[in-house]
Amino acid sequence: MLKRLAIRWLQPALALAALGGAVALPADAHGPTRQKVIETVKIAAPASVVWAKVRNFDALKDWHPAVEASAADKGNAEGSERKVALKGGGALVETLERYDDAQMRYSYRAKDGGALPVTNYTSTISVSGEGNATTVEWRGAFYRGYPNNDPPPDKNDEAAVKAVTGMYQSGLANLKKLVEGK
Amino acid sequence: MEPPAARDYTATPEGHEEAPSWPWGRRPLRSGRALAGAWLMVVAMPGAAAPFAYITNQGSNDVSVIDLALHQVVATVAVGHAPAGVVAASRAGKVFVSNPDSKTISVIDMRTQRVVGTLPAGSGPVGIDAAPDGTRLFVADWYANRVLAFDTATGTALPSIDVGRAPAGVAVDTSGATVYVAERDDDSVAAIDVATSRVRGRVKVGTHPFALLVDERRERLYALNVVSNDISVIDTRRLEVIATVKVGKAPYGAALTRDGALLYVTNQHDDSVSVVDAERLEAVRTLPGFGYPEGVAAHADRVYVVNWMDDDVSVLDAASGRTLTRIATGKNSRGFGAFIGAPLSP
């Protein structure tokens, strides 16, 4: 009992120490660390309606405002390869890794991020909800574009997170707009 | 190869983030020893030391300490930058954390949950394990293709061992005589003879082995191959692969249940955990609902799975695989290694 109390008492102090440490972090050279982005949007529509909009792997162009084309060679079959062409130039090649119609989710990956400054990129989009309240979650795991120490600014961790965040946010915002008709 | 310079545990860390986290500011342990002694009397009462899980949080540069009796985070310990690997060396009473970005090992005292030292550790320390008696520490040095060795009592660097490309997971066998290392980019596992500091054998496994786990009862080693999505089962006496077990996508961590019957394997890219029958050597169940699961460890009748994407730890019933609860941790939790321990006398 004494021990538990003591440890609880110590906790705020440890948290403070952690904070102090974070401020003093050096921006030194180091190897890559896996990053992640999780973005969600709430849509006032049944989940089945939202899923119908995004369920096809090759339908990205129909709901993502930055995507010009997104043809997939094997539809929603695992291993299907999607060639994404961005408006204004840039491309990505993504492979469907997992597809679950019942759970309303699919996952895909890209070894090379193409237009995105990332490598070893994996992403999952999922739809869930009850009644007229649906949540769409889009999440990605990836490494920055530059694999070694001292990345140039356009290929560092921040650039990678920013690019993926931007892609997810603009896609989800547009999906909401399309489904809700606003 | 020249070993890195020796470093006393009480030495001041080079920087910044690894300053000792005494509540009353920076204080070298050397001068705080009397105080630390008093502290030990408080926390090391007989029967009071519940095991702890030490979860490395790569995104928040700290370690969440979970009291397994309470299933609560009881301390958050600031360590080096981007901590990944961890070993709770109960016999040494210390936890060793690899910080690939600051190229150091943080040493946490299990009794006080404080950082008591920082060791320089090559070019990119990743996998880490300790000998069962707690006297030696072994660390994979990813960019330099070698395994670093340390004396845990003094923090002194011992001669390093050159190995294959991109050494990742490290596992010391029960006798402490052999250290296994996964040579990821060579698709092999090397066996290092500790007495001579030399590789005494090597075995080809699947594609890109990362984590390793010793199965003491069966004299086996499991190598988890993240690209071929399987486990190479190695007979450690002959250093030969005797079976290959298919699991989910990107298997990253493995733990045996206390009875040794089941092998729990995290599948990063499937957000799932495969439960493998260790006798029959086949996956008997796939548990869904995890978030890019990474580290996994077993204690008593529980299995603890670290969810990198969700920033938490799932607590499972080992027999049924049922999730009992989830415990929030820091950011981008990894727990790569044997992260559960309780301080024991050496």
Side-chain angles (χ1 to χ4, degrees), chain A residues 1-38 78 95-100 102-103 105-109 111 120-124 126 137 139-143 147-149 157 161, chain B residues 15-26 39 42-45 48-50 58-62 65 67 69-70 72-82 84 99-103 112-115 123-124 142-143 249-250 268-271 288 291-292 308-310 330-332 334:
Chain A
M1 189 60 208
L2 196 53
K3 172 199 148 209
R4 307 254 185 268
L5 278 174
I7 287 177
R8 279 212 194 94
W9 167 82
L10 190 60
Q11 252 184 298
L14 286 174
L16 267 178
L19 260 177
V23 172
L25 274 183
D28 62 351
H30 56 70
T33 301
R34 197 189 314 117
Q35 308 291 316
K36 73 182 169 196
V37 167
I38 305 175
E78 284 181 18
T95 307
L96 191 62
E97 257 205 330
R98 214 155 33 109
Y99 189 88
D100 193 331
Q103 294 285 320
R105 61 187 284 162
Y106 64 82
S107 303
Y108 56 93
R109 66 176 308 165
K111 181 114 184 99
N120 287 311
Y121 170 61
T122 56
S123 180
T124 298
S126 61
E137 185 194 82
R139 56 183 228 189
F142 48 87
Y143 291 84
N148 300 315
N149 285 338
D157 289 344
V161 169
Chain B
H16 30 31
E17 76 272 25
E18 287 141 51
S21 30
W22 278 105
W24 40 86
R26 287 190 185 201
W39 181 256
V42 176
V43 296
M45 290 184 306
Q58 196 153 34
S60 46
N61 305 317
D62 52 24
V65 184
D67 184 323
L70 300 173
Q72 273 180 16
V73 173
V74 292
T76 301
V77 184
V79 292
H81 204 204
N99 306 302
D101 284 9
S102 37
K103 306 177 181 73
T112 60
Q113 318 300 2
R114 287 184 50 247
V115 171
S123 67
W142 180 264
Y143 292 108
K249 292 197 179 78
Q268 278 183 337
H269 291 176
D270 278 341
D271 294 331
Y292 220 91
W308 177 81
M309 185 64 81
D310 299 340
K331 215 177 151 202
N332 298 6
R334 297 196 64 176

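Letters A, B, ... mirror the listed sequences (proteins, then strands); counts begin at 1.
Heavy atoms only, all atoms of each residue included: Tyr143(B) and Pro147(A) are closest at OH-O, 4.3 Å. Annotation for Gly140(A) and Met309(B): closest pair O-CE, 3.9 Å, computed over non-hydrogen atoms. Nearest heavy-atom pair across Tyr292(B) and Arg139(A) is N-NH2, 4.0 Å.
Residue Gln103(A) does not touch chain B at all, counting heavy-atom pairs closer than 4.5 Å.
With sequence neighbours excluded, no residue forms a ring pair (Phe, Tyr, Trp, His ring centres under 6.0 Å) with Trp142(B). Evaluation of the side-chain hydrogen bond (donor to acceptor under 3.5 Å, both in side chains) rule for Ser60(B) yields Asp62(B) as partners, not counting sequence neighbours.
Taking chain A as the reference chain and counting heavy-atom pairs below 4.5 Å, the highest number among Gln58(B), Lys331(B), Lys249(B), His269(B) is found for His269(B). Listed options Arg109(A), Glu97(A), Arg98(A), Lys36(A) were ranked by heavy-atom pairs under 4.5 angstrom with chain B; first place goes to Lys36(A).
Rounded to the nearest 0.5 Å, atoms OG1 (Thr124(A)) and CG (Asp271(B)) are 5.5 Å apart.
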